[in-house]
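As the structure lists them, so they are numbered: ligands from 1, and atoms in each ligand from 1. Residue numbers start at 1 and run along the sequence shown.
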Amino acid sequence: MRIKVTFLVILVNTALTSSLLTPAQLPEDATLNYSQLGVKYGHKVEEHTVVTEDGYILTVFRMPGKKKTPVFLMHGTGDTSDCYIIRGNKSLAISLANEGYDVWAGNGRGNYYSRRHVKLNPDTDPSYWNFSFHDRGYYDLPAMIDYILQATGEKSLQSIGFSQGTTNHFVLLSSKPEYNNKLKVFIALAPIAYLHNLIPPVSIIGEIGPILNQLIPSNVNRILDIKSFERSIIEIVCTQEAISDLFCVTLGVLPASGFDPKRLESSFLPTLFSHFPAVFSRKDLIHHNQLILNKRFMNYDYGPEENMKRYGFVVPPEYDLRKVTAKIAMFFGNSDNLSRPRDVEYLRTLLPNVIEHHLMKEKEWSHFDFIYGNDMPETLFPYIFPILEKYS
Ligand SMILES: *[C@@H]1O[C@H](CO)[C@@H](O)[C@H](O)[C@H]1NC(C)=O
Ligand SMILES: *[C@@H]1O[C@H](CO)[C@@H](O)[C@H](O)[C@H]1NC(C)=O
Ligand SMILES: *[C@@H]1O[C@H](CO)[C@@H](O)[C@H](O)[C@H]1NC(C)=O
Ligand SMILES: *[C@@H]1O[C@H](CO)[C@@H](O)[C@H](O)[C@H]1NC(C)=O
């Protein structure tokens, strides 16, 4: 603890005494939330509250549009709805709203917009953080989808997910197949279900995951939560344009997933790292690790005894992708080190209703280019909009 505090003090001192950007000098978009960004880029934004069956209180943002069919956006792990808007005029949310779509952006349990519960206190109840991508798919998505359908009086909507936002959909559509009929089409950007073909460094993290898990104290149930030490480091260090290139991009999380400085230019990084990453629950990381090590897209492994009680099997059952009958359009990139093309191809062979699978033409297209890339309006949206038009 003392080491941590000392480190923080040094950083703060450095920030104050050198020419580093202070919060007041950050780009405006680094300091605005979803609603404020929506307004800045020309749209009215509504904030809706959705309560899940198991008591989590979620925030869903809406930019109303004149088209009838709602479009629902679901973010990835460690992220929020902000991923779809911080690119401003070049973002998916704003581009959709400009075209008259009724845009709804969801927020999974735990992130800074959805950090509430009817009974549990996220600060003091460890069981609040007892969730993985399974729960965001099994509880959060259906609650948000049903809410949107009820609010609009529509029978079905169009859905777009990125990364774990797609995993959440695969969990939902296989576990509660009645939701297939509530989606006119599901657009999966950088889809993730199988993690068989990971390469270093991500695959190494997968291999050492169980050891890390042993080393980390059992009371640590989340990382990068608001006001956490590690979050404050990112806010201080990574929002500095000059050093975030080296420290946060070259050494950090982005290259691990394939990072292309052409599409994520330095001047965007202060805005990016003011919004991202948001919280990861420990159970979510463990569940991912189980997928990597077992090479199966399966329910959480509680150990043989608890598995037997919960699932009736010693080994956790796989999610049955044959039940995912909704129309699916998949987009994936050649240099994406998380959603690997070979894993996406394998996933495609198991899904019964893939209407389009599109390998991005750009050779160096990587994971975050689907939500943060500066050329999305030219490279990606011209493929997304016709699909939304066709299946409206
Ligand atoms: C966004 O910021 C505005 C202005 O500070 C605030 O009124 C609003 O509650 C915020 N919205 C959310 C969801 O945090
Ligand atoms: C966004 O684009 C619109 C239309 O081109 C323009 O009028 C507006 O000024 C832009 N907004 C910002 C904040 O750059
Ligand atoms: C998390 O949930 C599992 C399964 O319901 C339970 O066995 C475990 O005790 C829970 N842990 C916490 C911290 O709530
Ligand atoms: C991501 O994958 C690309 C393509 O395989 C590779 O060139 C790049 O080095 C990888 N990035 C990292 C940090 O491993």
So for atom CD, which belongs to Q150, do other residues, nucleotides or ligands contribute more than 12 heavy atoms lying within a distance under 6.0 Å? no

Within a reach of under 6.0 Å around OH of Y300, are more than 12 heavy atoms found that belong to other residues, nucleotides or ligands? yes

Compute the shortest N/O to N/O distance between Y41 and ligand 2 and return yes if it is under 3.5 Å, no if not. no

For atom 11 (N) of ligand 2, is the nearest protein heavy atom closer than 4.0 Å? yes

Considering all protein heavy atoms, does one lie under 4.0 Å from atom 14 (O) of ligand 2? yes

Under 6.0 Å from the six-membered ring centre of [Y] and within 45° of its axis: does the NZ or CZ of [X] meet both?
X: R263; Y: Y372; result: no
X: R136; Y: F131; result: no
X: K327; Y: Y391; result: no

Looking only at protein heavy atoms, which one is nearest to atom 2 (O) of ligand 2, and how far off is it? N89 ND2, 2.2 Å

The closest protein heavy-atom partner of atom 9 (O) of ligand 1 is E47 OE1, 4.1 Å

For ligand 1, which atoms sit closer than 4.0 Å to a heavy atom of Q36? 2 (O), 3 (C), 4 (C), 5 (O)

F61 heavy atoms, cut-off 4.0 Å: which ligand 1 atoms fall inside? 13 (C)

Check this for me, if you would: do K66 and D102 make a salt bridge, where the nitrogen-to-carboxylate-oxygen distance has to be below 4.0 angstrom? no

Answer yes when K182 and D146 have at least one side-chain N-carboxylate O distance shorter than 4.0 Å, and no when they do not. yes

Going by the closest heavy atom to atom 6 (C) of ligand 1, which one wins out of N33, L37, T49? N33

Polar contact flag for T59 and ligand 1 (N/O pairs, less than 3.5 Å): no

